[in-house]
Amino acid sequence: MTDAYPRAFYLRASNLSFSWPDGTPVFDRLSCGFGPQRSGLVGPNGSGKSTLMRLLAGQLKPTAGQIETHGVVAYLPQHLPLSGDASVADVLGIRARLDAVQAIAAGRTEPELFETVGDDWDIEERTHADLARLGLNDIALRRRVDSFSGGEIVALGIAAQLLRRPDLLLLDEPSNNLDRASRQHLYRLIETWRGGLIVVSHDRELLECMDQIAEIGPSVLRVYGGGFSVYQAAVEAENQAAEQDVRNLRQQVKREQRQQQQAHERAERRAGNAGRSLASAGLPRIVAGNRKRGAQVSAGKSADVHSARVEAARQRLSQARRGLREATELDLSLPATRVPADRLLFSGKRLQVSHGGRALFADAGVDLAIRGPERIAILGANGAGKSSLLRVIAGERAPDGGEIHRGTGRIASLSQRLDALDPSASVAANFAACTPQLPPLERANLLARWLFRGDRTQLPVGELSGGERLRISLACVLHAEPAPQLLLLDEPTNNLDLSTIEDLEAALRAYQGALLVVSHDERFIEAIGITRRLRLAQGRLREVH
């Protein structure tokens, strides 16, 4: 993408407000601006990242405020609305120009053909060059997209936007569904992009390529210069400073309260001493009354001053607390999931799986043994058969060939869709259904450790955020009786926000059984302490050293 035009351009939003038709607000007077930087847009699920991208792309109209652009803006949504019978040329938006070039090459001379081509006589060559940058070499432009993997379709979507020669490129979760090789192509593409770029992503490796990170809120976009690690360090420093401010202001409130109490006690002593002095001085009653009232007024003014100082300190403390980021670190210990080092949990020999009449693995099949608390990552391109292998291990489908032996320990699988729970039942009810062996008080304590407390335990699962659904799903899987000794996870970080990924990593670090995970997220794999890496390629499963 080094041939992108470095033209002067910008995109600005001023006092942007947006609400859904039912009145639910998303933004309130949000202002932001983007130029030729590569910007990563982050925030919790539901914070409005995708909505902001659609507003900036002109697909939604703001309730109030305005958006000003100078330059060509191209937008890739998170979910591509593609028809199965569309061709590559249709997806890329070049079919009419390709047909016109071919017609002219065949000798036709209608003026409308030349108008369709315009200056794009090299459209086919340029298209193949853009596809190659994304790892799609030698792709036939007439090929139907229903023969492509999800990752290939995302790459096609990006290529379609590149062909527009945009000044500003908007990408919403572009690395979702991409395998490791496709992600590397995307990273290289982004690193060489010379125009403006806004990327919504939870992919920390991709976010590390950014020039700045923009964190979204209801009425403010906070921008941090540098990639993701710089953003993390800045946020941590801000939170430490906010925590210190809270500690200092707590002490200030206590000091002001002590001084208020001491002033009140001094005033009472002075009032008592003054009353006795006036009585013994033999002053006329009217003079003594005036002096007593003066003392009371003076004491009242002093009390008002101290009350105001206490209230001001409390308000500063409240403001400082709002600056703190909510701590969401899970407090977990899962000794029941511990597995002896020599225990065989699963063994498969010469396993074979067929899909659409085609064998996914080589003629000899694949062999896999899982013992003790191993943590195994299965790597490989999309379509290699990783998910099918996990389903065989979980017992969700029988193999089409080979032998299987399962140990006595329970094997649990966490669905990528998080659809195993009853969405209409509450968090507490779902957890109770999965853990009938536990007394109610122990269940409540466990839910609190999974960050479900008070009213949150009574919310229907269907109303939870994606991160909350992940937490309660994991809690149900890990605390069910018997505790799982082998846990299977298929692309668990897809569609999770950054804080939820950290929650998941904390939970899996506390898990003491064996773990088998399919993931293209290298940072996630490192964070959960993988001990073995296996690559599934060309129908064979091999150790990666």
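Counting from 1, the numbers follow the sequence of the chain as shown. All values reported here derive from a predicted model rather than from experimental measurement.
In this structure, Q538 places its CD atom where only 12 or fewer heavy-atom neighbours from other residues, nucleotides or ligands lie under 6.0 Å away. Counting non-hydrogen atoms of other residues, nucleotides and ligands closer than 6.0 Å to CG of D138 gives a total of 12 or fewer. Heavy atoms of other residues, nucleotides or ligands lying less than 6.0 angstrom from CZ of R29 number 12 at most. Within 6.0 Å of CG on D22 lie more than 12 heavy atoms contributed by other residues, nucleotides or ligands.
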Exercise. Under the side chain to side chain donor-acceptor pair (under 3.5 Å) criterion, do Y224 and E238 qualify, and how do the steps go?
Worked result: CA-CA 12 Å; Y224 299 80; E238 284 180 357; 3.0 Å; yes

Exercise. Going through the distances and angles, do D422 and S424 end up as a side chain to side chain donor-acceptor pair (under 3.5 Å)?
Worked result: CA-CA 6 Å; D422 180 356; S424 63; 2.8 Å; yes

For this session: Just do the side chain to side chain donor-acceptor pair (under 3.5 Å) check on S14 and E68 with the steps written out, would you?
Result: CA-CA 8 Å; S14 304; E68 182 183 4; over 6 Å; no

For this session: Please assess R533 against E543 for the test side-chain contact (heavy atoms from CB on, under 4.5 Å), listing each intermediate value before the final yes or no.
Result: CA-CA 6 Å; R533 292 170 183 251; E543 295 273 352; over 6 Å; no

For this session: Go through the steps for V154 and L134 under the test side-chain contact (heavy atoms from CB on, under 4.5 Å), then give the verdict.
Result: CA-CA 10 Å; V154 171; L134 293 161; over 6 Å; no

Exercise. Does the side-chain contact (heavy atoms from CB on, under 4.5 Å) test come out yes or no for E374 and L515, once each step is laid out?
Worked result: CA-CA 6 Å; E374 290 187 300; L515 182 68; over 6 Å; no

For this session: Could you please spell out the steps behind the side-chain contact (heavy atoms from CB on, under 4.5 Å) verdict for L414 and L470?
Result: CA-CA 9 Å; L414 186 68; L470 173 75; 3.9 Å; yes

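Side-chain atoms of R188 and H185 form a donor-acceptor pair, as typed in the model, at a separation below 3.5 Å. Residues Q212 and S39 bring a donor and an acceptor atom of their side chains to less than 3.5 Å of each other. Side-chain atoms of D503 and T500 include no donor-acceptor pair closer than 3.5 Å. A donor-acceptor contact under 3.5 angstrom links the side chains of S182 and D179, judged on distance only.
One N or O on the side chain of H202 and one on the backbone of T493 form a donor-acceptor pair closer than 3.5 Å. Panel note: side chain R180, backbone G380; no donor-acceptor pair is recorded below 3.5 Å. Remark: the backbone N or O of D363 is not paired with any side-chain donor or acceptor of Q352 at under 3.5 angstrom. Side chain of D203 to main chain of S175: no donor-acceptor pair is present (N/O by atom type, distance under 3.5 Å, no hydrogens or angles). Panel note: side chain R222, backbone E215; no donor-acceptor pair is recorded below 3.5 Å. Formation of a donor-acceptor pair under 3.5 Å by the Q37 side chain with backbone atoms of G35 is found in this model. With hydrogens and angles ignored, the 3.5 Å screen pairs a side-chain donor or acceptor of D400 with a backbone N or O of S354. Of the possible donor and acceptor atoms, one in the side chain of R375 sits under 3.5 Å from a partner among the backbone N and O of I528. Side-chain atoms of R183 come within 3.5 Å of backbone N or O of L178 as a donor-acceptor pair. Panel note: side chain R12, backbone G33; no donor-acceptor pair is recorded below 3.5 Å.
Taking the six-membered ring where the residue is Trp, Y231 and F228 present tilted rings, their angle falling between 30° and 60°. Using bins of under 30°, 30° to 60° and over 60° for the plane-to-plane angle, the ring pair H70/Y10 lands in the parallel bin.
Rounding to the nearest 0.5 Å places CE of M53 at 8.5 Å from CG of L76. Atoms CG and OG, on N176 and S201 in that order, are 7.5 Å from each other to the nearest 0.5 Å. Taken to the nearest 0.5 Å, the CG atom of D130 stands 11.5 Å off from the CD atom of Q161. For the atom pair F361 CZ and D367 CG, the distance stands at 11.0 Å (nearest 0.5 Å). One distance of note links CG of L508 with CG of L489; it measures 5.5 Å at 0.5 Å rounding. Separation of atoms SG (C32) and CG (L56) is listed at 6.0 Å; rounding is to 0.5 Å.
With respect to the salt-bridge test (charged N to carboxylate O, under 4.0 angstrom), the residues D120 and R126 qualify. Taking a cutoff of 4.0 Å between a charged side-chain nitrogen and a carboxylate oxygen, E505 and R523 do not qualify as a salt bridge. Between D99 and R142, at least one side-chain N (NZ, or NE/NH1/NH2) sits under 4.0 Å from a carboxylate O, which counts as a salt bridge. Using a cutoff of 4.0 Å between basic side-chain nitrogens and carboxylate oxygens, D211 and R38 are scored as salt-bridged.
Using a 4.5 Å heavy-atom cutoff, the side chains of L11 and V73 are in contact. A heavy-atom distance below 4.5 Å is found between the side chains of V88 and L156. L389 places a side-chain heavy atom less than 4.5 Å from the side chain of L351. Proximity of I411 to R406: side-chain heavy atoms (C-beta onward) are separated by under 4.5 Å at one or more points. F346 has its side chain out of reach of L516: every pair of non-hydrogen atoms, C-beta onward, lies at least 4.5 Å apart. For the pair L98 and R95, the minimum side-chain heavy-atom distance is 4.5 Å or more. With contacts defined as side-chain heavy-atom distances shorter than 4.5 Å, the pair L30/L52 qualifies. Between V26 and S19, the closest side-chain pair of non-hydrogen atoms is not below 4.5 Å.
Between G40 and L207, the closest heavy-atom pair is CA-CD2, 3.9 Å. Pairing each heavy atom of H520 with each of N382, the nearest pair is NE2-OD1, 3.3 Å. When all heavy atoms are compared, the tightest approach of A507 to L474 is CB-CD1, 3.9 Å. Shortest non-hydrogen contact noted between K49 and L41 is CD-O, 3.7 Å. Among all heavy-atom pairs drawn from L379 and S519, the shortest one is CD2-O, 3.8 Å. Between F524 and I501, the shortest heavy-atom distance links the atoms CD1-CG2, 4.5 Å.
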